[in-house]
Amino acid sequence: MPLKIYNTLTRRKDEFKPLVEGRVGIYVCGPTVYGHSHIGHAKSYVSFDVIVRYLRYLGYKTLYVQNITDVGHLTDDADEGEDKIEKQSRKDRIHPMQVVEMYTRSYFDDMDALDVVRPDISPRATGHIIEQIAIVQKLIEQGFAYEKNGSVYFDVTKFKEYGKLSHRPIDEMEAGARVGVNPEKKHPADFALWKKAEASHIMQWQSPWEMGFPGWHLECSAMSMKYLGETFDIHGGGMENQFPHHECEIAQSECATGKQFVKYWIHNNMVTVGGQKMGKSLGNVINLKDAFKKYSPLVVRFFILQSHYRSTLDFTDEALEGASKGLEKLLNTVRNLREEVGKLRKLEVKGSEMKDSSFKSQDSIFVDLVGFKKAFLDAMDDDFNTPQAIGILFDLSREVNTILAGGKAEIKILQEADALFNVLGGVVLGVIPAHVEAQSLEGASENDLIQFIIELRAEARAQKLWTMSDKIRDGLAKLGIIIEDKKDGTTWRLVSS
RNA sequence: GGCGCCGUACCCAAGUGGUAAGGGAGAGGUCUGCAAAACCUUAAUGCAGCGGUUCGAAUCCGCUCGGCGCCUCCA
């Protein structure tokens, strides 16, 4: 089955065909760095992370560009209001670039915690002022933009296809329904390409017009086309940016180049909190740093991928708890699987020394690993259906647990199952870490200490001193160390958070 | 007002024409000294409601009810 992607431009699932065989160029709208990242950022960037991971898994040489917005994003989309970063800098009494640096680092810290693979290029708007000015000049020359009082605006009436992404005909939009109309604009839907800056504005640059700064929409056009070409494969972002942000990007880019800007538009849905939208004005924004105090980043990632990227995701404790337990179940399987593989490998070494392979089970169980893999890939090919793909991992988990419990496992099948978990659950989805079986604490001595305690407990159990052995188990549990007695010995693991 | 989404068991969540995945919680059982983990069984004759199309609909069409989003801030 070929990969199909829901394309906002066509409102259909389109078969994915890259512009250049074997290569993909993808641009995703990055954060405006004036505050810490929240769970909405997590949903967006985890979703696109899996999309990029999957494209690479399919063998596409993928160039992933994601901007850092450090200028031009105003507190108001009617091209009025303050620059968000300047506003924050005044509040904190630090330089705007300090704000940018601080929250850019914070952003990457959070994304690293979520195991989001970093973009190949993270360009900043302030580093591409020249490229942005060049586009504005081109648009003016070709009659798509006009200057007024030192600012430059895009003339939406000159671009007949304006509205083709969001399907909003400009004529039917009530002019100034929510915001006042900027008198400098010819048409209320015109948007700023360049804004003249007041003297007090710290971040401003020279231009053919007045000293000023670029409009928010412009940076994405400039940087995406610079690194990916005038036409590229995939542009992603949050649904709320379909209009006006992405609509404006299309207008200015296609008018500047005369070519199609983007082939596939992917939009991910929003996060709600307790059924309500999450927004600054509602005061219910959950920062990732706070969320991580309660749920591990891996749980958050797993939770996000358990629903589809185009569905809204309701962030509730009950749902997070459920996801946490589910993930634990999956990781238990992988841990047990890897322990068993390790055990069998040792036996195999011994066995080969004795030239005797009788330790192998004669009637090992067949597991249709190829079938599981195909089902997983089919799910991913269908517009990155990660919830369904995760369901397949659980199906595989049950099969593996069954053969592990039956003790009829053949090492080859177990190794292949492990490899499958690694590739599909690890490399592609990023929800199965490479090392779940290593319960390392700070150092080796602690691990030895726990092993020693387990041995003491084994002696107590041998003497049927149940009160004592239970006391040891309970005591370790309180320290976050879970003891499990199995047929062929006792294992331990750290309680998952 | 314009554009759009959603309503699937107690909770989360796939499924877009062929007879309801998966996870959590619950109930019963197996294993175990007991736990834990794991496995087995059990869970909607039903997919908001009402009509319609069809041999057949959660899936398509219409209407009704309920919830939500974008067009301000926000991924």
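Here is the naming used below: chain letters follow the sequence lines, and residue numbers restart at 1 for every chain. Note that the coordinates shown come from a computational prediction; the quantities given were computed from them, not determined experimentally.
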side-chain hydrogen bond (donor to acceptor under 3.5 Å, both in side chains), that's the test. Do A:Lys486 and A:Asn336 meet it? Break it down for me. CA-CA 11 Å; A:Lys486 292 174 184 169; A:Asn336 291 332; 2.8 Å; yes

Regarding the side chain of A:Glu318, the nearest nucleotide among B:A25, B:C11, B:A13 is B:C11

Does B:U72 have a Watson-Crick or wobble mate here (both distances under 3.5 Å), and if so which one? none

Applying a 4.0 Å non-hydrogen cut-off, can you work out what A:Val271 is touching in the nucleic acid: base, sugar-phosphate, or nothing? base

Establish, with yes or no, whether the OP1 or OP2 oxygen of B:C3 is under 4.0 angstrom from a side-chain nitrogen or oxygen of A:Lys164. no

Salt-bridge test for A:Arg118 and A:Asp49: reply yes if a basic N is under 4.0 Å from a carboxylate O, no otherwise. no

Considering only atom P, compute the distance from B:G62 to B:C68 and round it to an integer number of Å. 24 Å

Looking for any heavy atom pair under 4.0 Å, which part of the strands does A:Lys486 touch: base, sugar-phosphate only, or nothing? nothing

I'd like to know if A:Lys4 pairs up with A:Asp381 as an ion pair, taking the criterion as any Lys NZ or Arg NE/NH1/NH2 lying under 4.0 Å from an Asp or Glu carboxylate oxygen. no

Across every strand shown, the nucleotide meeting Watson-Crick or G-U wobble geometry with B:G46 (both distances under 3.5 Å) is none

For a quick check of understanding: with a heavy-atom distance under 4.0 Å over all strands, which category does A:Ile483 fall into, base, sugar-phosphate or nothing? base

Quickly work out the A:Trp466 CH2 to B:U32 P distance and round it to whole Å. 12 Å

Pairing partner of B:A57 (Watson-Crick or G-U wobble, both distances under 3.5 Å): none

Nearest to side-chain heavy atoms of A:Arg398, which nucleotide of B:C34, B:G22, B:A75: B:G22

Under 4.0 angstrom, heavy atoms only, what part of the nucleic acid is A:Gly40 near: base, sugar-phosphate, or nothing? base

Where do A:Thr69 and A:Asn67 land on the side-chain hydrogen bond (donor to acceptor under 3.5 Å, both in side chains) test, with the steps shown first? CA-CA 6 Å; A:Thr69 297; A:Asn67 64 298; 3.0 Å; yes

Mark yes or no for a side-chain to base donor-acceptor pair under 3.5 Å between A:Asp485 and B:C34, with no hydrogen or angle criteria applied. yes

Can A:Glu249 and A:His235 be said to form a side-chain hydrogen bond (donor to acceptor under 3.5 Å, both in side chains), step by step? CA-CA 11 Å; A:Glu249 275 187 55; A:His235 191 312; 2.7 Å; yes

Those residues of residues 107-126 of chain A lying under 4.0 Å from RNA chain B by at least one heavy atom: none

Could you measure between the two C1' atoms, the one in B:A9 and the one in B:A25, and give it in whole Å? 12 Å

Of all the nucleotides listed (B:C12, B:C39, B:A75), which has the minimum atom distance to the side chain of A:Met278? B:A75

From the list B:C39, B:C70, B:A36, which nucleotide is the closest neighbour of the side chain of A:Thr402? B:C39

Note: A:Asp474-A:Lys471 ion pair, threshold 4.0 Å (strictly below): no

May I have the step-by-step check of salt bridge (charged side-chain N to carboxylate O under 4.0 Å, His left out) for A:Asp418 and A:Arg338, ending in yes or no? CA-CA 7 Å; A:Asp418 185 25; A:Arg338 289 176 185 169; 3.0 Å; yes

Among the candidates B:A38, B:A36, B:C34, find the nucleotide nearest to the side-chain atoms of A:Asn401. B:A38

Euclidean distance for P, B:C47 against B:A20 (whole angstrom): 12 Å

Sticking with atom P, work out how far B:G51 lies from B:U16, rounded to a whole angstrom. 26 Å

Roughly how far apart, to the nearest Å, are B:U64 and B:A38 at atom C1'? 49 Å

Would A:Arg105 and A:Glu101 pass as an ion pair if we require N to O under 4.0 Å? yes

Is there a side-chain polar atom (N or O) of A:Lys277 under 4.0 Å from OP1 or OP2 of B:C70? yes

Classify the nucleic acid contact of A:His38 as base, sugar-phosphate or nothing, counting any heavy atom under 4.0 Å across all strands shown. base

Round to a whole Å and report the spacing from CG of A:Leu282 to C1' of B:C73. 10 Å

How is A:Met239 classified with respect to the nucleic acid when contacts are heavy atoms under 4.0 Å: base, sugar-phosphate, or nothing? nothing

For atom C1', what is the distance between B:C50 and B:G66, given to the nearest Å? 15 Å

Using the P atom in both, what is the distance from B:G18 to B:C60, to the nearest Å? 12 Å

Using atom P of each nucleotide, how far apart are B:G4 and B:U19 to the nearest Å? 32 Å

Among B:A36, B:A14, B:A25, find the nucleotide with the atom closest to the side chain of A:Ser311. B:A14

Begin from the C-alpha positions of A:Phe154 and A:His187 and carry the test ring pair (Phe, Tyr, Trp, His ring centres under 6.0 Å) through to its verdict. CA-CA 9 Å; A:Phe154 184 91; A:His187 188 285; over 10 Å; no

Classify A:Thr272 by what it touches in the nucleic acid, base, sugar-phosphate, or nothing, heavy-atom distance under 4.0 Å. nothing

Assuming nearest nucleotide by heavy-atom distance, tell me which of A:Glu321 and A:Lys280 is located more 5' along RNA chain B. A:Glu321

Are any of A:Asn269's side-chain N or O atoms less than 4.0 Å away from OP1 or OP2 of B:C5? no

Closest of B:C71, B:G24, B:G69 to the A:Phe243 side chain is B:C71

Proximity to the side chain of A:Ala405 - top-ranked nucleotide from B:A38, B:A14, B:A36: B:A38

Rounding to an integer number of Å, can you tell me how far A:His308 NE2 sits from B:C6 P? 11 Å

Can you see if the side chain of A:Arg335 gets near the phosphate of B:A37 - specifically, an N or O under 4.0 Å from OP1 or OP2? no

Sort out the partner of B:G7 for me: Watson-Crick or G-U wobble, both distances under 3.5 Å, none otherwise. B:C65

When you measure only distances, ignoring hydrogens and angles, does the side chain of A:Arg310 come within 3.5 Å of the base of B:C5 through a donor and an acceptor? no

Charged N to carboxylate O below 4.0 Å: is that the case for A:Arg493 and A:Glu484? yes

So what does A:Arg457 hit on the nucleic acid, given a heavy-atom distance under 4.0 Å: a base, only sugar-phosphate, or nothing? base

Base of B:G33, side chain of A:Asp470 - is there a donor-acceptor contact under 3.5 Å? yes

Stacking between B:A75 and A:Tyr45, yes or no? Criterion: centroid separation under 5.5 angstrom, plane angle under 30 degrees. no

Pair A:Arg310 + A:Asp383, salt bridge at N-O below 4.0 Å: yes

Nearest of B:A75, B:G24, B:G23 to any side-chain atom of A:Gln306? B:G23

Charged N to carboxylate O under 4.0 angstrom, A:Asp109 versus A:Lys289? no

Taking a pair as Watson-Crick or G-U wobble with both distances under 3.5 Å, which nucleotide is matched to B:U16? none

Return the 5'-most residue of the pair A:Asn268, A:Asp314 with respect to RNA chain B, ranking by each residue's nearest nucleotide. A:Asp314

Counting only side-chain heavy atoms from C-beta out, which of B:A75, B:A37, B:G22 sits nearest to A:Asn332? B:A37

Name the nucleic acid region contacted by A:Glu484, choosing base, sugar-phosphate or nothing; use a 4.0 angstrom heavy-atom cut-off, strictly under. base

